[in-house]
Amino acid sequence: MTLLTPKTLLVTALTALPLLAQAQTPEEQGLAIAVEADQRDEGWGDSESTMTMVLRNKHGQESVREMRNRSLEVDGDGDKSLIIFDQPKDVRGTALLTFSHKDGNDDQWLYLPALKRVKRIASNNKSGPFMGSEFAYEDISSQEVEKYTYKFLREEPCGELSCFVIERYPVDEKSGYTKQISWIDSSEYRAQKIDFYDRKKSHLKTLTFHDYSQYLDKHWRPARMEMVNLQTGKSTTLTFSDYAFQNGLSDKDFDQASLARAR
Amino acid sequence: MHRIAHILATGLLVASHSAAAEFYQQLDTEWSLEARAFPDNAAFASQSDGQLSVSLLSEWYAEWNRDFSVTIAPFARFDAQDDERSHIDLREFYWQGVFDRVELRLGISKVFWGKTELLHLVDIINQTDAVENIDGEDKLGQPMVRLNWALGGVSLQAYALPYFRERPFAGEDGRLRAPLPVLQDDALYQSSDEQSHLDYAVRVQGYAGALDYGLAWFSGTARNPQLLAANIVNTPDGPQATALQPFYGLLDQLSLDAQYTVGSWLLKLEAVWREQGLLAQVPGQAPQLIEVDYGAATGGFEYTRYGVFESAWDIGYLAEYLWDERNDAADNGFQNDLFLATRLAANDVLDTTLLAGVVMDLDRGSRFISVEASRRLDGSTKLSLELRLFNNIDARDTLFYPLRQDDYIQLELTRYL
């Protein structure tokens, strides 16, 4: 659940042209893009941000979730993250600690402030809605290269940019998706759009990324993401503010004591 | 103590120096309106058929320089029927400092130990606020000095607990009470230090892969008092007690709690070994202090199916077995019992959830049924429903027998400010 660490942004991107030329099959091309995108975003260290979700039903009624996110880049494994919930107020003070892994299930602990209880929770609920939103847990978890297989489809214009179109298939059988089609711009390797296909292979949701900014002269982050459910008419807008990188966070800011202390 | 005072002073000094640089505070307040209806005739005269109360919980948190904080959390309830349930408590009032991997907490606070769902056998630091709810999850603030030393996946904790909090009991007018009035202002203690006895505890907790564990030692005053027959009068049927007097013995407890998380399964275990001072009462003689030692355990599983029937609903199945070596003398009433329950979560915008279960006494056939459900009304209001039924309670189930007529349904509206 490393919300929106660089990897989360599904920044599958193309390697430099020579590498692409080496790749023989569409599968190899797709993987090469994913690996290069991942490597391009390495070195962000740690980050903090404030997130706001606006959930809309098909009648346009809205409800709001607010949370704060702290993330730590981990060499050789998935990232660590701590999410502190501020809204709705009945879950205020609840916090979620996640150690994501390249292989196998993530480790997750939930802190319940009323009982002062830290609870290890099962993390194989991939397809369930996060906070009642249109984002599933797997949509906001750390996007490790190893969690998918890939296939390069084509290159085509996307707005003012040119995009690589890549299909990716979840490795985990608990995933709610059979495939995702992503549009990655060829200039900076940023995700621009993703179409999600459900277990019946029907187009379920579309996610679009907006208002990218570059941090530390290297790492691109969107200020807004729009997820629309095509089958129910519901949608969720996720916005990010107060992005801060390299705050000096380390492993000890992501343990059970920090989880219970988180405010 | 000198050193602690020094650390505290240093902490406050550091805090005030950097206050301009990085200061953070938040004030959270919630109030609740709670209504209970008891459909059965009361077991005791003077008890009412309904109960209405309001409660307020506020928490102020201030943080300096990320590593130093103060938390103040007062709680109050006013109950229209039961004077003893109307009470105030300082749930938390502590200073906390983080020195690299060491966390020091000084003041009144709450701590939770344990893994299982129904019975919190291992959890012992805080006294239960028993007038709040019979589920044992509400706790009184406990004065403490607490050190937590984090070493990666393991942490070592040490507690010094300089003051004891007595358990509150429902009054004569309240439902869910003991069969006789409890002499709450006249408790007896094994230790001559009474409430000033210094309790201590140490705990190792951590995780290794899919296993989360805690191993702890506690030495101090028992949180759960023995209720002695008191104010004995002679009646035509012989001598009879007209009140109950709490006795708090000294207790040593070695405990283990563990959870193994694999796929959709949570396997849970809590076990204790205790040595405890009790008063043995023989009619016509002075009570004798005796030492007893015994074991108790509870364990089981929770299995969850996610997104059932092509919806967002999750269904969880829980089963826990409860055992106590003391059999009928078990002071929690669970000596050979089985808890079965189901947990439903809609995962909707309103966060609709339900937990329904039954505890069966496998020796006596007594049943305790509980349903808890809640949903959000809007971003700052929540509605909760609670149903508790005491079914087929055997007279030898001395803990539950006085509650046999106290089935109730409760609605609670909580507003978060």
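Labels below follow one simple rule: chain letters A, B, ... track the order of the sequence lines, proteins then strands, and each chain is numbered from 1.
- Heavy atoms of other residues, nucleotides or ligands lying less than 6.0 angstrom from CZ of Arg305(B) number 12 at most.
- Arg120(A) places none of its side-chain heavy atoms less than 4.5 Å from the side chain of Lys268(B).
- Counting heavy atoms of neighbouring residues, nucleotides and ligands inside a 6.0 Å radius, atom OH of Tyr197(A) exceeds 12 of them.
- The two residues Gly263(B) and Asn105(A) have their closest heavy-atom pair at CA-ND2, 4.4 Å.
- With a 6.0 Å radius and a threshold of 12 heavy atoms from other residues, nucleotides or ligands, Phe93(B) has its CZ atom at or below the threshold.
- Taking a cutoff of 4.0 Å between a charged side-chain nitrogen and a carboxylate oxygen, Arg261(A) and Glu103(B) qualify as a salt bridge.
- The candidate from Glu30(B), Lys115(B), Glu63(B) with the greatest count of non-hydrogen atom pairs under 4.5 Å with chain A is Lys115(B).
- We find that Lys116(A) and Glu92(B) are joined by a salt bridge, their nearest charged nitrogen and carboxylate oxygen being less than 4.0 Å apart.
- Looking only at heavy-atom pairs under 4.5 Å with chain A, the residue among Ala312(B), Ala346(B), Ser264(B), Ser69(B) that has the most is Ser264(B).
- Of the listed residues Ala210(B), Ala345(B), Ser380(B), Ser374(B), the one with more heavy-atom pairs under 4.5 angstrom with chain A than any other is Ala210(B).
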* To do: Just do the side-chain contact (heavy atoms from CB on, under 4.5 Å) check on Asn125(A) and Asp314(B) with the steps written out, would you?
  => CA-CA 9 Å; Asn125(A) 177 18; Asp314(B) 298 338; 4.0 Å; yes
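- Using a distance-only test at 3.5 Å, with no hydrogens or angles considered, no donor-acceptor pair links the side chain of Gln256(A) to the main chain of Gly206(B).
- Residue Lys234(A) does not touch chain B at all, counting heavy-atom pairs closer than 4.5 Å.
- With a 4.5 Å cut-off on non-hydrogen atoms, Arg199(A) does not touch chain B at all.
- Looking at Asp90(A), both its backbone and its side chain come within 4.5 Å of chain B, counting heavy atoms on both sides.
- In this structure, no portion of Ser127(A) lies under 4.5 Å from any heavy atom of chain B.
- Contact annotation for Val262(B): neither backbone nor side-chain heavy atoms come within less than 4.5 Å of a heavy atom of chain A.
- Taking the charged nitrogens against the carboxylate oxygens, Glu59(B) and Arg92(A) have no contact shorter than 4.0 Å, which rules out a salt bridge.
- The side-chain heavy atoms of Phe112(B) and Val118(A), taken from C-beta on, include no pair separated by under 4.5 Å.
- Looking at Arg415(B) and Lys89(A), their side chains never come closer than 4.5 Å, going by heavy atoms from C-beta outward.
- With a threshold of 4.5 angstrom between heavy atoms, Ala260(A) does not approach chain B through any atom at all.
- Taking Asp138(B), Asp100(B), Asp351(B) one by one and counting their heavy-atom pairs under 4.5 Å with chain A, the maximum is reached by Asp100(B).
- Taking all atoms of both residues into account, the shortest heavy-atom contact from Asn148(B) to Ala257(A) is ND2-CB, 3.5 Å.
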Run the numbers on Lys119(A) and Glu302(B) for salt bridge (charged side-chain N to carboxylate O under 4.0 Å, His left out), then give the verdict.
CA-CA 13 Å; Lys119(A) 215 173 175 177; Glu302(B) 176 164 358; 5.5 Å; no
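- Of the two parts of Arg91(B), neither the backbone nor the side chain holds a non-hydrogen atom closer than 4.5 Å to a non-hydrogen atom of chain A.
- Of the atoms belonging to Lys382(B), it is side-chain heavy atoms, and not backbone ones, that fall under 4.5 Å from chain A.
- Pairing each heavy atom of Ser63(A) with each of Val349(B), the nearest pair is OG-CG1, 3.2 Å.
- Here the closest heavy-atom approach between residue Ala150(B) and residue Asp255(A) is recorded as CB-OD2, 3.5 Å.
- Of the atoms belonging to Asp348(B), it is backbone heavy atoms, and not side-chain ones, that fall under 4.5 Å from chain A.
- Using a 4.5 Å cut-off between heavy atoms, Ser109(B) makes no contact with chain A at all.
- Only the side chain of Lys174(A) has a heavy atom closer than 4.5 Å to any heavy atom of chain B.
- Most heavy-atom pairs under 4.5 Å with chain A: of the set Leu57(B), Asn347(B), Thr414(B), Asp123(B), this distinction falls to Asn347(B).
- Of the atoms belonging to Leu55(A), it is side-chain heavy atoms, and not backbone ones, that fall under 4.5 Å from chain B.
- There is no contact between Ser155(B) and chain A, counting heavy-atom distances below 4.5 Å.
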Q: For Tyr306(B) and Tyr137(A), run side-chain contact (heavy atoms from CB on, under 4.5 Å): C-alpha distance rounded to whole Å, both residues' side-chain angles, the deciding distance at 0.1 Å, then the answer.
A: CA-CA 12 Å; Tyr306(B) 301 102; Tyr137(A) 282 93; over 6 Å; no
